[in-house]
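To start, the structure under review is shown below, and the notes come after it.
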Amino acid sequence: MGTPYRSGAFKRSNDSTRLVITTIMGMVFGYFVGISFPSVSLTKINLPSSLISTLDYAFNDDHRRAIERTFPENLGSGSTPLTPKIYVPSNPRGAESLPPGIVVSESDFYLRRLWGEPSEDLTKKPKYLVTFTVGLDQKYNIDSAVKKFSEDFQILLFHYDGRTTEWDQFEWSKRAVHISVKKQTKWWYAKRFLHPDVVAAYDYIFIWDEDLGVEHFNAEKYMQLVKKHGLDISQPGLEPNNGLTWQMTKRRGDREVHKDTEEKPGWCSDPHLPPCAAFVEIMAPVFSREAWRCVWHLIQNDLVHGWGLDFALRRCVEVSSSPPMPAHEKIGVVDSQWIVHQVIPSLGNQVSQLKLQGTYGSY
């Protein structure tokens with residue numbers, strides 16, 4: 001006969017053994033079930049799409065917050081930026097995603113030092129830009145012309161012969177900007193280097209040839225008359241006894257400025273249209289900033305000598321004035337500040353030499 005104590009102890013021992021055996025068998029059964037079926041993803045389970053989206057958003061949101069807490073300096077890196085996207089339609093094309101406060105859409109030809117405060121670079125900012133397309137053969141003529149312009153005028157030389165260092169003999173050349181590409185005309189340079197946003201700092205832009213005599217020209221007085229008479233496009237009067245020219249651009253000795261003329265019979269269908277009005281030649285034009293913003297777009301990319309451009313300039317004047325005024329009121333010739341066209345075919349001589357060498361076809 002057993003005692004109650006022994007019977008209870010034996011029963012507890014059997015229960016423990018069964019629990020251990022059952023646990024081991026469950027683990028073995030689970031293992032074989034796991035290896036008997038392929039892995040199952042949520043996408044293969046027929047759950048409502050709204051539930052999947054909610055689960056996915058919750059997971060990604062928790063993941064993003066964890067990254068922000070751990071690596072805040074990584075914000076915006078990687079293929080998916082984490083910073084809010086900026087879009088400002090009023091920004092210049094291509095810069096819509098930039099904060100407006102850091103956008104700088106305009107430039108200039110002011111020279112900069114390699115050290116020091118930028119605010120100390122310029123003691124005086126030029127108000128006007130004067131460009132000449134030059135070859136070294138005309139260096140003394142250009143020297144005489146440049147000396148007619150004060151410090152209010154930034155000088156820019158386009159070198160069609162590739163020779164630039166030789167100009168250092170002139171003191172003013174060290175302050176000028178030099179751009180050199182061989183055998184190109186001034187309209188090729190203008191299209192590529194005088195974009196309106198690049199020359200926006202200047203009130204007026206001179207685009208002049210190299211063969212101009214300026215003995216009777218004063219740049220400061222010229223600008224005074226341009227502003228006085230409200231000219232957006234202008235040129236100095238041309239000496240009437242020197243070479244062929246239009247009647248419109250010939251100097252008149254009895255006035256400061258003229259805006260129209262009488263050409264040969266039948267040449268002008270309208271007295272307010274070129275070449276009787278709203279007309280200047282392309283050898284020495286001067287453009288206001290507003291007019292140039294239009295004219296630059298008018299210059300065709302393959303334009304070489306610019307013939308015919310003078311008849312189309314008037315299209316850019318009416319849009320630049322406020323209130324709008326007819327073109328023949330905004331284009332004129334400054335008679336009291338006049339020049340001489342010396343007609344020196346220096347760039348043309350290079351073409352002639354190429355013809356003699358039999359290489360003109362490749363030019």
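Just the heavy atoms: all of them, side chains too, but no hydrogens, waters or symmetry mates, feed the values below.
A side-chain donor-acceptor contact under 3.5 Å links Glu96 to the backbone of Gly94. With Glu171 contributing its side chain and Gln169 its backbone, the two residues share no donor-acceptor pair below 3.5 Å. Looking only at distances, a side-chain donor or acceptor of Asp161 sits under 3.5 Å from a matching main-chain atom of Arg163. Without hydrogens or angle criteria, Tyr189 side chain to Leu157 main chain gives no donor-acceptor distance under 3.5 Å. The backbone N or O of Asn301 lies less than 3.5 Å from a partner atom in the side chain of Arg192, making a donor-acceptor pair. Checking side-chain atoms of Lys330 against main-chain N and O of Met325 turns up no donor-acceptor pair under 3.5 Å. A donor-acceptor pair is defined here as one N or O able to donate and one able to accept, closer than 3.5 Å; such a pair exists between the side chain of Gln337 and the backbone of Asn218. In this structure, the side chain of Glu210 engages the main chain of Gly135 through a donor-acceptor pair within 3.5 Å. Between the side chain of Thr185 and the backbone N or O of Val304 there is at least one donor-acceptor pair closer than 3.5 Å. Judged by distance alone, the side chain of Trp296 and the main-chain N or O of Lys191 form a donor-acceptor pair under 3.5 Å.
Expressed to the nearest 0.5 Å, how far CD of Glu329 lies from NZ of Lys259 amounts to 5.0 Å. Taking CG from Asp108 and CG from Leu122, the interatomic distance works out to 7.5 Å, rounded to the nearest 0.5 Å. Atoms CD and CZ, on Glu263 and Phe279 in that order, are 8.0 Å from each other to the nearest 0.5 Å. Between Asp203 atom CG and Glu290 atom CD the span is 8.0 Å, to the nearest 0.5 Å. Note that the OG atom of Ser234 and the CG atom of Leu225 stand 10.0 Å from one another [nearest 0.5 Å]. Considering CD of Gln300 and CG of Leu309, their distance stands at 9.0 Å, rounded to 0.5 Å.
Residues Ile331 and Arg314 have side chains in contact (heavy-atom distance under 4.5 Å, counting atoms from C-beta outward). Within the 4.5 Å cutoff, the side chain of Ile86 has heavy atoms near those of the Pro99 side chain. Counting heavy atoms from C-beta on, the side chains of Cys268 and Leu273 never come closer than 4.5 Å. By the 4.5 Å heavy-atom criterion applied to side chains, Glu215 and Val340 are not counted as neighbours. Looking at heavy atoms from C-beta onward, Leu111 lies in side-chain contact with Val177 at the 4.5 angstrom threshold. Side-chain contact check for Asp310 versus Pro274: every heavy-atom pair is 4.5 Å or farther apart. His178 has its side chain within reach of Ser173: a pair of non-hydrogen atoms, C-beta onward, lies under 4.5 Å apart. In this structure the side chain of Leu238 reaches within 4.5 angstrom of the side chain of Met283, judged on heavy atoms.
Counting non-hydrogen atoms of other residues, nucleotides and ligands closer than 6.0 Å to CD of Glu106 gives a total above 12. Shown here is Lys125, whose NZ atom has no more than 12 heavy atoms of other residues, nucleotides or ligands within 6.0 Å.
Pro92 and Val103 get closest at one heavy-atom pair: CD-CG1, 3.6 Å. Taking all atoms of both residues into account, the shortest heavy-atom contact from Val214 to Ser144 is CG2-O, 3.9 Å. The nearest pair of heavy atoms linking Ala200 to Arg293 is CB-NH2, 4.4 Å. Counting all heavy atoms, side chain and backbone alike, Ala190 lies closest to Trp292 at CB-CH2, 4.1 Å. Heavy-atom minimum distance, Gly332 versus Leu231: N-CD2, 3.7 Å. The minimum heavy-atom distance linking Leu212 with Ala284 is given by the pair CD1-CB, 3.7 Å.
When each of Asp302, Ile299, Leu194 is paired with Trp187, the side-chain contact (heavy atoms from CB on, under 4.5 Å) condition holds for Ile299 and for no other. Remark: of the listed residues Leu156, Thr131, Thr133, Val295, Thr131 is the sole one forming a side-chain contact (heavy atoms from CB on, under 4.5 Å) with Ile207.
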| Test side chain to side chain donor-acceptor pair (under 3.5 Å) applied to Thr249 and Gln235, step by step | CA-CA 8 Å; Thr249 55; Gln235 73 161 77; 4.6 Å; no

| field | Audit row: Asn91, Leu98, side chain to side chain contact (heavy atoms under 4.5 Å, CB included) steps and yes/no | value | CA-CA 8 Å; Asn91 280 1; Leu98 296 178; 4.3 Å; yes

| request: Go through the steps for Glu239 and Arg251 under the test side chain to side chain contact (heavy atoms under 4.5 Å, CB included), then give the verdict. | output: CA-CA 6 Å; Glu239 169 57 50; Arg251 177 180 68 92; 3.7 Å; yes

| field | Derivation of the side chain to side chain contact (heavy atoms under 4.5 Å, CB included) call for Glu281 and His341 | value | CA-CA 11 Å; Glu281 295 191 65; His341 188 201; over 6 Å; no

| message | With salt bridge (Lys or Arg N to Asp or Glu O under 4.0 Å) as the criterion, how do Glu120 and Arg113 come out once you've worked through the C-alpha distance, each side chain's angles and the decisive distance to 0.1 Å? | response | CA-CA 9 Å; Glu120 300 175 357; Arg113 298 178 301 170; 3.6 Å; yes

| Could you go step by step and tell me if Phe217 and Val334 meet the side chain to side chain contact (heavy atoms under 4.5 Å, CB included) rule? | CA-CA 10 Å; Phe217 177 81; Val334 179; over 6 Å; no

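Ring-plane geometry between Phe153 and Tyr128 is classed as tilted, the angle between the planes lying from 30 to 60 degrees on a 0 to 90 degree scale. Under the 30°/60° scheme for interplanar angles, the aromatic rings of Trp307 and His305 are found to lie parallel. Under the 30°/60° scheme for interplanar angles, the aromatic rings of Trp167 and Phe170 are found to be tilted.
No donor-acceptor contact under 3.5 angstrom links the side chains of His195 and Ser107, judged on distance only. Side chains of Asp335 and His258: a donor-acceptor N/O pair is present below 3.5 angstrom, by distance only. A donor-acceptor contact closer than 3.5 angstrom is absent between the side chains of Thr261 and Gln247.
A ring-centre distance under 6.0 Å is found for Phe149 and Phe206. A ring-centre distance under 6.0 Å is not found for Tyr222 and Trp208. Taking the ring centroids of Tyr202 and Tyr110, they lie under the 6.0 Å cut-off.
For the pair Lys139 and Asp143, the salt-bridge criterion is not met [side-chain N within less than 4.0 Å of a carboxylate O].
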